[in-house]
Each structure stands twice: as structure tokens, then as C-alpha cells.
There are 2 protein chains.
Amino acid sequence: MTLSTSFQPLYKQVYDQLTQRLVNGHWKPAEALPSEMALAAELGVSQGTVRKALNQMVAENLLERQQGKGTYVAEHTQESSLFRFFRLREPDGQSLIPDTQVLSSARRAATKTESIKLNIKGKSQVVQLLRLRSLQGEPVIMEKVVLPLSVFPNIDKELEMPNSLYTLYQDKYGISIVSVRDELRATEIPDEYADKLNLAVGSPVMMVERQSINIDGRVVECSEAYYATNKYVYATEHR
Amino acid sequence: MTLSTSFQPLYKQVYDQLTQRLVNGHWKPAEALPSEMALAAELGVSQGTVRKALNQMVAENLLERQQGKGTYVAEHTQESSLFRFFRLREPDGQSLIPDTQVLSSARRAATKTESIKLNIKGKSQVVQLLRLRSLQGEPVIMEKVVLPLSVFPNIDKELEMPNSLYTLYQDKYGISIVSVRDELRATEIPDEYADKLNLAVGSPVMMVERQSINIDGRVVECSEAYYATNKYVYATEHR
DNA sequence: CAGTGGTCTAGACCACCTT
DNA sequence: AGGTGGTCTAGACCACTGC
């Protein structure tokens, strides 16, 4: 294990090194990592130090461990990522899985705001997707997703858009979304979306601006969505 | 350390025992706990086991530890609890501290919904507070708070209502709010609140239904609030 | 300086899974 | 049975705080 000049606990250096391998794609989603003993021997530290790094990565949803089996790279399946980041619920708290329809896909230059949010050069190329999402056959979300082409080359040429984009990001582009930041406001629904969400012109809707963060900490996606909350609610929890 | 019949890891038993002391009020907020060594000796386990329990409690915001000083019961100061649970932000992400004005306080029987949410007997007595909260002099939240009298005896007789109720709950009633669950919808502002929030009748606002959870896991407060989100946004993050 | 929590190690044993 | 992660221990040393 290489020592850095500024003091860092050993387990933190191990953590950084292992996380780097995930970012690099050295270990792919659902793949098994070497055992604690093997990693400890390779990195020249004790088993306990490796364990501390691994457990921190589990806490951050980067890895999954199972007693008796091994340590695996966390996988974003359709189910799990929809379950984690899709916030609409029945008012009683029951969670549901949405259906998704891609309405359009287009390439264009980033706006100023977008280039700031995505931390890309002004007027870089982005892809804009328009999606309509439904729960139990009822349209509930009209969503505009903006992706930098530099991160997702030719994503507008994709034929099959999965229900959860995050699985596509992971499988085709090596992007693992680990967290999202949402900003919510109430507003009147834009006229052009009213029909699509089965709402009267001027109905109150929730606008959700989201930034999605990759395992390496970069914002790689931003979206702006209108949520119809007459039948479902946006649920969240704070600790 | 007493062993239970069903298997529990030692550190979990230590965790339960220490948490129980917090619930009991055996250790008060801001008070220092005995050192790891002392606790280990008292409970008949090793220092490492105590540490694992303590660190879990730190992760849950129950304790705070400082190298060289000691372990302290987490305190809900005005600042910290407002910072944690007050979600309105400037659109650029900057967080602000609200001012609060109590408009009314009344005792009444719980509604059916309230008794379910608060897990109390139907028609138990509750206190309802009406509060108006402002940011930078601008009214932004109209809030109805419902509290079971059984948990907060005579809270309607309180003279000084602090800016953050949570500090009052902690200091006078031994209630430590550790998490909140919010359900959000967009709706038209109720006519009677429009004036108070400086909004036109029929303006879209965000309705936030909140349940607040005590250290022992009980829901001890529920509230229903209308947020004006024309100038500020409700910010949240998911991992 | 003494006392606290934080890191790191090494080894023993347990619980679980696969073969 | 053999390998994995999970628990628990004991001891050494480090980093920080306050007297």
C-alpha cells in the first residue's frame, strides 16, 4: 500500500483504492471481489483494516456482502434503482413501480444553466429525453432528462430505452448513480403538459429538479419533471 | 451483561442497553457518557465491542464523539434541529433559518386519522398549534401541528414557544426527534391561508404532511403544512 | 502530563453458504 | 469440509484535548 504524504488512515487509503477500481470498471456490477484475506495480503494490511473499508463501501451502497458467500459490486437492477430513487407512493405509503414511455430524444447544445449543473463546457452537446411515466395506467410524471454526450456517447441512438435509465447508464456507460438531489416547488402545470397528465389547464403540480451523482461524485444527469400529485404523493424521510 | 435466549450479537445488546438509558433519561442531552473502558468494565465486554455499539449510535445521531474529549448525548439545539429538519432552501442551495409565530393553540379530541397516525386511542386529547413561519421577513409556511397530550402534558400552557419546537420537546418532555417522514403534494392554497402567505387565492402551494419519530420509535407529532415555494424550494437528497 | 477516542494488528471462534 | 464474512478479544500505538 502506497503511503500518501498528507496523513490518511490506512483504511481510508484502502477505501480510496478499492473505490477507484469500481470507478475504473476493474470490477463490474454483480462481480465478486476477492476475499478479505486476499485483499489484505495484496494491499499489505490486516484483515480488519480491509473490513473497515469494505463496510464503509457497503454503507454507501457501493458493495453488498453476504456471510458465507462473499463481497459483490452493488448492482442497479430495474427494481432496486426504481425502488430507491422513484419517490411517488400511495398516500398509505405503499410503493409502486412505474411504466415509462419515451416521447422524444434530441441532441442540442447545453443551456448555460445546464452546463453549470452538469459541470461541462458552455454549449457542449447534450441529449434531451422527454419521458412520460405512469402508475397503474395513470400518467403521473412528465419528465425532461438532460445528459452530456461526453459522458453518454451516442445515447440518443439507443433503440431500447429501459424503464429505469440508471440500469442503461450502468450497463452501457459504466455510470453508477449513487445519490440524487431534488429541489421541489409547487407550480401550475405548463399548458402543453396538461393533456398528457390528464389534468385541467392551470392545475397545481409539483416541479422536481433533480441532479444525479455518479460514483465518482460528478453530476452526470439533470432533469426537470412535473409530478401530478392528486393521486400519489412524493415521500421522503430525513434523519 | 445479561444474555438473552434468542441470539443477538454482543454489541447489539450493548447498543440496546445504552439506548435504553437515553430513552429513560438516565443520560441527559449534552451530558458526557463514561469512557469506553469504563463502559466495557461495567458491562463485562471488551472495549472494541462497546466501541462498535457507540459508533452505531453516532451514525444514528444519538451520540457525538470527539477524539480526546469524550462521548456526549446528541443535543438538539435550535440551530442543529432547524438545520436538519427544516427543508426550505434558496434555489442555489443556501440554507436559511426561519422565524416562527404561534397563531393559536387549542386542546381538542383527536380525529380518527390523527389517532391512527399518532397511535393513540380514538378521541384522546391532543393539542393543535397553528404556526406561521417566515424566511427573511417573508411568510413561507402555514403549519398545523398536532401533539398528543399524553406525551406532552400541558404543552398548551407553555408560555414561551421556541423557534424550533424540537428543543422544547427535548428540554421539557424528554422527547428526542430522530427522524421525520414527509409526504408532499401540490395543491391550491386553502382560501383562509392565502392572505397569511401573501399569495393570491388559488395559488399552487406544496402541502407537506409530516410524522416525527422519537428516539424510541414512536410517532409523537404529526403536522400538515402549506409551503409557499415561489421564492424557496424544498430540498432533499436520496442515497 | 494523563485521559480520551481513533487506528491497526493478530488471532480465536462463530454463522453461513457451497460443494 | 473448506471458504466466506461476522463477532469478539487483547494489546499496541497514534492523535487530540485539557489541565
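Chain letters run A, B, ... following the sequence lines, proteins first and then strands; every chain starts at 1.
Taking only side-chain atoms of S35(A), from C-beta outward, the nucleotide of dG5(C), dC8(D), dG5(D) with the closest atom is dG5(D). Closest approach to the T49(B) side chain among dT9(D), dG6(C), dT7(C) is made by dT9(D) (side chain taken as heavy atoms from C-beta onward). Closest to the side chain of Y11(A), out of dT9(D), dG6(C), dT7(C), is dT7(C). When each of dT7(C), dG5(C), dA10(D) is scored by its nearest atom to the side-chain atoms of S46(B), the top-ranked nucleotide is dA10(D).
In this view, N119(B) satisfies the side chain to side chain contact (heavy atoms under 4.5 Å, CB included) rule with no residue, not counting sequence neighbours.
Counting distance only, with no hydrogens placed and no angle test, the side-chain atoms of R51(A) and the base atoms of dG6(D) include a donor-acceptor pair under 3.5 Å.
Looking at heavy atoms from C-beta onward, I141(B) lies out of side-chain contact with P98(B) at the 4.5 angstrom threshold. Within the 4.5 Å cutoff, the side chain of V50(B) has heavy atoms near those of the V45(B) side chain.
With hydrogens and angles left out, the side-chain atoms of R239(B) and S179(A) include no donor and acceptor closer than 3.5 Å. In the model, T71(A) has a side-chain atom that pairs as donor or acceptor with a side-chain atom of R65(A) under 3.5 Å. Residues N24(B) and Q20(B) bring a donor and an acceptor atom of their side chains to less than 3.5 Å of each other. Under the 3.5 Å distance criterion, with hydrogens and angles disregarded, a donor-acceptor pair is assigned to the side chains of Q136(B) and Y232(B). For the residue pair Q66(B) and Y72(B), no side-chain donor N or O sits within less than 3.5 Å of a side-chain acceptor on the partner.
As rounded to whole Å, 12 Å separates atom P of dA15(D) from atom CG of L10(A). Rounding to whole angstrom units, CG of residue L43(B) and P of dC8(D) are separated by 13 Å. Whole-Å rounding puts the Q8(B) CD to dC8(D) P distance at 10 Å. Atom OH of Y72(A) and atom P of dT4(D) are 11 Å apart (whole Å). One can place OH of Y15(B) at 18 Å from C1' of dT7(D), the figure rounded to the nearest angstrom. Protein atom CG of L33(B) is 16 Å distant from nucleotide atom C1' of dG3(C), rounded to whole Å. Between the P atom of dG6(D) and the CG atom of L63(A) lies a distance of 11 Å, rounded to the nearest Å. Atom CG of L54(B) is separated from atom P of dT7(C) by 14 Å (rounded to the nearest Å).
Using a cut-off of 4.0 Å between Lys/Arg side-chain N and Asp/Glu carboxylate O, R21(A) and E42(A) are scored as salt-bridged.
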Pairwise N/O distances under 3.5 Å, protein to nucleotides 16-19 of chain C:
{"residue": "dC16(C)", "atom": "O4'", "partner": "Q67(A)", "partner atom": "OE1", "Å": "3.2"}

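Using a 30° and 60° split on the angle between ring planes, Y166(A) and F85(A) fall in the perpendicular class, above 60°.
Both Q47(A) and N55(B) lie close to DNA chain C; mapped to their nearest nucleotides by heavy-atom distance, the more 5′-ward contact belongs to N55(B).
For the helix from dC1(C)-dG18(D) to dT18(C)-dA1(D), the angle separating the two terminal helix axes comes to 10°, with each axis derived from five pairs and the value rounded to 10°.
The phosphate of dT4(C) (OP1 or OP2) has no side-chain N or O of T71(B) nearer than 4.0 angstrom. A sub-4.0 Å separation between OP1 or OP2 of dG6(D) and a side-chain N or O of R65(A) is present.
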